2 protein chains.
Amino acid sequence: MKCECKECVIQSLMFSNVGVAEIENICYIKTEKEFKKGEIIYNKGDEISDFAYLKSGLVKYYSIFNDGKSHILSIAKPFDTINMINSFNECKSLYNLSALEDSVICYIPLKDIKTIIKTNGNFAFDFIQKFSIVTNKTIKQLMLINSKNLSGRVAFILLHFANDIYKNQVFDIPISRKEIAELIGMTTENVIRALSEFRLEKIIRINGKEIEIIDMDRLTKISTYG
Amino acid sequence: MKCECKECVIQSLMFSNVGVAEIENICYIKTEKEFKKGEIIYNKGDEISDFAYLKSGLVKYYSIFNDGKSHILSIAKPFDTINMINSFNECKSLYNLSALEDSVICYIPLKDIKTIIKTNGNFAFDFIQKFSIVTNKTIKQLMLINSKNLSGRVAFILLHFANDIYKNQVFDIPISRKEIAELIGMTTENVIRALSEFRLEKIIRINGKEIEIIDMDRLTKISTYG
DNA sequence: TTAATAAAATGATATATATCATAAACTGTT
DNA sequence: AACAGTTTATGATATATATCATTTTATTAA
């Protein structure tokens with residue numbers, strides 16, 4: 001089997017400095033696995049033996065704390081690395097990961113990535129850079145959401161789906177209202193109320209899971225200042 | 001000048017794989033700078049040209065968002081790396097950093113660290129591991145705090161100072177009540193109220209900045225389940 | 001297709017936290 | 001020592017969000 005994925009992190013982003021021989025090798029040892037919507041990819045604590053990235057679909061990272069509630073950290077989209085953040089820790093998943101949509105994950109044994117890091121400094125450097133960008137974005141998003149009120153948080157998440165994930169003003173939201181609540185730290189009822197308000201104000205149009213952002217300007221203002 | 005810092009990240013943690021020649025070299029090119037309590041170390045957006053770590057003192061990372069309020073991300077303690085998280089991004093500080101106590105920061109030009117990463121795979125590997133631990137801890141703390149109520153958050157922070165920073169049940173809290181509020185995302189008045197309640201309940205003793213944790217068990221319970 | 005179940009929606013009420021006001025206790029400065 | 005400015009502290013009130021209850025609308029399974 002030979003890789004073909006044009007947007008593969010490994011080929012395009014990270015392996016820009018890896019010799020051709022190494023790339024060929026990686027392409028042959030990679031494996032792919034399909035997950036159905038709702039399937040668990042990793043449980044918290046599972047051993048991580050592979051470097052993984054999302055080829056297609058959508059994946060959520062979440063944790064359950066002592067409050068008994070699920071808290072969603074973030075959502076990975078195609079070509080995001082999966083579990084990069086814990087791959088170098090104790091090689092145990094720090095989060096629960098599950099598929100929000102049917103997803104395909106590409107695996108490369110972690111030991112092979114580690115070997116390349118140890119033998120190819122330029123690859124290691126690019127890897128650190130990529131790692132830094134991913135984690136910084138996650139931390140920034142967490143802090144930003146916490147600084148906002150209910151409407152601001154809901155607006156922020158709608159814009160995240162429209163701008164970052166689907167790159168479209170119309171999209172089928174892949175998570176339930178309850179999951180939006182778990183992502184922004186508010187209750188399901190209040191998320192629904194905020195969405196209803198946006199709908200009545202003609203800022204968005206809702207048809208079940210389908211959401212269209214009608215007034216991008218106002219939603220952005222609500223997200224920014226709310 | 002020759003390094004002497006026994007607990008230096010560079011010597012002990014990260015340079016375990018660097019050849020002796022490289023260590024000697026690093027020791028000679030490092031510089032140190034003192035910051036008085038309250039002094040700014042980096043402003044958000046400042047260029048980062050050095051890898052830095054905290055030799056002594058205490059440093060806060062914070063950001064000011066559109067709400068006009070300061071939000072503290074975390075507090076670095078001696079031998080923590082400073083700005084590791086943005087060193088490999090755009091080499092611009094993503095946060096404001098200021099000294100909470102008189103502090104000494106040790107600098108090594110980033111270009112030298114980058115050279116070692118590119119030429120010494122084992123160092124790169126250890127660097128990634130260290131990076132991973134630091135960022136994971138930050139993200140976990142952010143999520144945990146957000147999952148708690150007022151008392152739980154205040155208890156959590158008191159335990160953080162006692163257990164992680166000062167390793168003592170009695171300590172002088174280095175930040176104001178306002179800064180505690182900025183760290184846990186509550187208002188100053190409510191932080192003071194929570195502290196007063198803990199005092200009345202004989203869970204802690206307060207004498208200005210001096211705090212003693214009397215009932216560790218109850219405070220831990222409040223932090224865990226609050 | 002229908003029943004059963006879950007998700008979305010909305011209202012009423014409770015609760016936690018924020019805001020505003022004020023006073024007391026510090027801190028630093030002259 | 002006295003002053004101004006800041007931090008800490010506390011109370012009263014307002015506001016935002018959570019909780020509980022109920023209905024409607026989707027989804028899933030039989």
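To find a chain, count down the sequence lines: A is the first, B the second, and so on, and within it residues start at 1. Just so it is clear, the model here is predicted, and its values are computed rather than measured.
Residue contacts for B:Ile192: at a heavy-atom cut-off of 4.0 Å it reaches a base atom on one of the strands shown. Residue A:Arg199 is in sugar-phosphate contact alone, with no base atom involved, counting any heavy-atom pair closer than 4.0 Å across all strands shown.
Between B:Phe171 and B:Tyr166, the ring-plane angle classifies as parallel under the 30° and 60° cut-offs.
Side chains of A:Thr187 and A:Asn190: a donor-acceptor N/O pair is present below 3.5 angstrom, by distance only. For the residue pair B:Thr81 and B:Lys130, no side-chain donor N or O sits within less than 3.5 Å of a side-chain acceptor on the partner.
Nearest-nucleotide assignment on DNA chain D puts the 5′-proximal partner with B:Asn190, out of B:Asn190 and A:Thr187. Taking for each of A:Asn149 and A:Glu189 the nucleotide of DNA chain D with the nearest heavy atom, the 5'-most of the two is the partner of A:Asn149.
Taking atom CD1 of residue B:Ile206 and atom C1' of nucleotide D:dT10, one finds them 13 Å apart after rounding to whole Å. Atom P of nucleotide D:dG11 and atom CD of B:Glu197 are separated by 12 Å, given to the nearest angstrom. In this structure, CZ of B:Arg193 is placed 9 Å from P of D:dG11, rounded to the nearest angstrom.
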Quick one: do A:Lys55 and A:Glu32 satisfy salt bridge (Lys or Arg N to Asp or Glu O under 4.0 Å)? Show the steps, please.
-> CA-CA 9 Å; A:Lys55 199 171 166 184; A:Glu32 280 182 13; 2.4 Å; yes

Worked verdict on A:Arg193 versus A:Glu197 for salt bridge (Lys or Arg N to Asp or Glu O under 4.0 Å) | CA-CA 6 Å; A:Arg193 268 184 266 268; A:Glu197 201 198 301; over 6 Å; no

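Both tests hold for A:Lys60 against A:Tyr62: distance to the six-membered ring centre under 6.0 Å, angle to the ring axis within 45°.
Distance alone, capped at 3.5 Å, is enough to place a donor-acceptor pair between the A:Ser103 side chain and the A:Leu58 backbone. Judged purely by atom type and a 3.5 angstrom limit, A:Arg153 uses its side chain to pair as donor or acceptor with the backbone of A:Ile184.
Under a 4.0 Å N-O distance rule, the pair B:Arg177/B:Glu189 does not qualify as a salt bridge.
Contact footprint of chain B on DNA chain C: nucleotides with an atom under 4.0 Å from a non-hydrogen protein atom, first to last in 5' to 3' order, C:dT17 to C:dC20.
Side-chain N/O atoms of B:Lys209 include one lying less than 4.0 angstrom from OP1 or OP2 on D:dT8.
Within residues 168-180 of chain B, no residue has any heavy atom under 4.0 Å from DNA chain C.
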